[in-house]
Amino acid sequence: MRFSLTSITRNLALAPLWVAQIGTKAKSFRDNPILGSPRLNKWGLHAARRKVADAMSRYRRPELALHIAPQERARFDEVGYFLRHDALNPEHFAALRHEIEEVRLPAREMRQGGTVTRRIGLDDLWVMRMPATRRFLRDPAVRALIHYAASYAGLPTFAVQTILANPSDEAADPQTLLHSDTFHPTAKAWLFLDDVEEDNGPLAYVPGSHRLTPKRLAWERERSVSAAESPDRMHSEGSFRANEADLAALGLPPPVIMAVPANTLIVADTSGFHRRSPSPKPTRRVELYATLRRTPFLPWTGGHLAALPPFAGRLAQLEMGLQEALERMGFAHGAWRPVGEVSAYESAKI
Ligand SMILES: [Fe+2]
């Protein structure tokens, strides 16, 4: 390997940041030579982060369980997700779906292989005239599920998400491979606005794969040694890919395919293995989507910066503005493209 003076200077300047990221949710092996170091990971750096994050989440979760029915919590602890059919009463769901069908709001789209994901961030300003949607976003019972799955309180980020898959496009969609989003508990939620059939690209989740068993820890440790050099970009960025043989070696069952009727709510810890099921035909899936991912090592559940002014209720706009400013200045090139005001049910723009 050859080092130029510029790269040495750059590395020296970035070194403190790379070290500091050990104590954060940073997960990319390829972008941080400390987190990605084969030697340090052979010595157990990644495994130690994984273990400490797991211990902290187990310390925080009992407090977050107080607002969840014991049976529902026990089921989550076993499988890694909450699943509620008829999540909203029928009138509430019909009103919410109507609002989302009608509204046109600023959106962003991202293409991965033949699949386009569209997100419309639901800031307070946008939902002022969407009372049924706002009621769902503020529902403490829904928040409680997201908090428990994330192992943190705080303000989830909400969006209307549309998945437009076109299998005739040859390029592979990386989301159709089983993967773990990151090395610590993290929550994603989906309220499906339409029926999701088996051939409609449903979510699939490997029950129990959110638990850090000794076998899983050993598997993670082994993967971490070579992750920085993986040809699979998302794997090297810290979203470990798994195949059928991995599941068998880890003593895990095959994924459960979540073909569910409209008005089903799923809240999952996506550190467990999951994927979007490949679809044999062009499909469209529309859902209310939420995510909550916080730094994994804190002993307390509150103190979420995004839940405080001036961020609370404005995150979608602030994030979009920041990303566009960074791209204009040449500091970033994100996969998400702004596509103007669109409806969730329109065809893809990119
Ligand atoms: Fe994922």
Side-chain angles (χ1 to χ4, degrees), residues 25-31 50 53 57 76 79-83 108-119 145-146 149-152 156-165 171-192 196 200-212 216 219-220 223 227 230 232-244 246-247 250 252 254-260 265-279 283 285-294 296 334-336:
K25 63 183 173 184
K27 62 173 186 157
S28 178
F29 293 85
R30 66 183 292 152
D31 297 321
R50 192 75 167 88
S57 73
F76 176 96
V79 294
Y81 56 86
F82 297 105
L83 191 154
R108 284 187 294 171
E109 291 183 356
M110 171 181 65
R111 179 174 285 279
Q112 290 178 304
T115 303
V116 170
T117 303
R118 172 184 303 140
R119 283 206 192 131
L145 301 182
I146 297 174
S151 77
Y152 269 113
T157 307
F158 290 98
V160 178
Q161 177 166 274
T162 309
I163 311 284
L164 297 146
D173 171 1
Q175 299 301 329
T176 58
L177 297 175
L178 276 175
H179 64 279
S180 154
D181 282 349
T182 189
F183 67 96
H184 58 92
T186 181
K188 282 186 180 165
W190 301 263
L191 174 69
F192 296 104
V196 184
N200 203 17
L203 170 76
Y205 191 99
V206 179
S209 60
H210 64 307
R211 286 195 299 264
L212 186 64
R216 174 70 172 270
W219 183 87
E220 295 255 348
R223 291 293 179 284
S230 169
D232 183 315
R233 186 173 185 97
M234 306 202 83
H235 187 92
S236 69
E237 286 176 348
S239 298
F240 283 168
R241 266 48 195 160
N243 57 29
E244 313 263 303
D246 291 321
L247 296 188
L250 291 168
L252 288 167
V256 171
I257 294 171
M258 311 283 194
V260 290
L265 174 69
I266 295 177
V267 182
D269 173 356
T270 52
S271 68
F273 295 126
H274 61 285
R275 73 174 176 195
R276 182 156 57 226
S277 304
S279 168
T283 56
R285 209 178 83 194
V286 181
E287 59 224 11
L288 246 176
Y289 167 82
T291 175
L292 180 61
R293 182 179 303 178
R294 296 185 52 191
W336 292 92

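One is the number of the first residue; the rest follow in order along the sequence. Ligands are counted one by one from 1 in listed order, and the atoms in each one are counted from 1 as well. What you are looking at is a predicted structure, and each value in this text was computed from that prediction instead of being measured.
With Thr117 as the partner, the side chain to side chain contact (heavy atoms under 4.5 Å, CB included) test is satisfied by one option alone out of Arg111, Arg285, Arg276: Arg276. Residue Val267 forms a side chain to side chain contact (heavy atoms under 4.5 Å, CB included) with just one option from Ile146, Leu191, Leu292, and that option is Ile146.
Proximity of the aromatic rings of Tyr205 and Trp190 is defined here by a centroid distance below 6.0 angstrom, and this criterion is not met. The aromatic ring centres of Phe29 and Phe240 sit less than 6.0 Å apart.
Protein N, O or S atom count below 2.8 Å of the Fe ion (ligand 1): the structure gives 3.
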Step by step, would you call Met234 with His179 a side-chain contact (heavy atoms from CB on, under 4.5 Å)?
CA-CA 9 Å; Met234 306 202 83; His179 64 279; over 6 Å; no

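The structure places CD of Glu237 at 7.0 Å from NZ of Lys27, a figure rounded to the nearest 0.5 Å.
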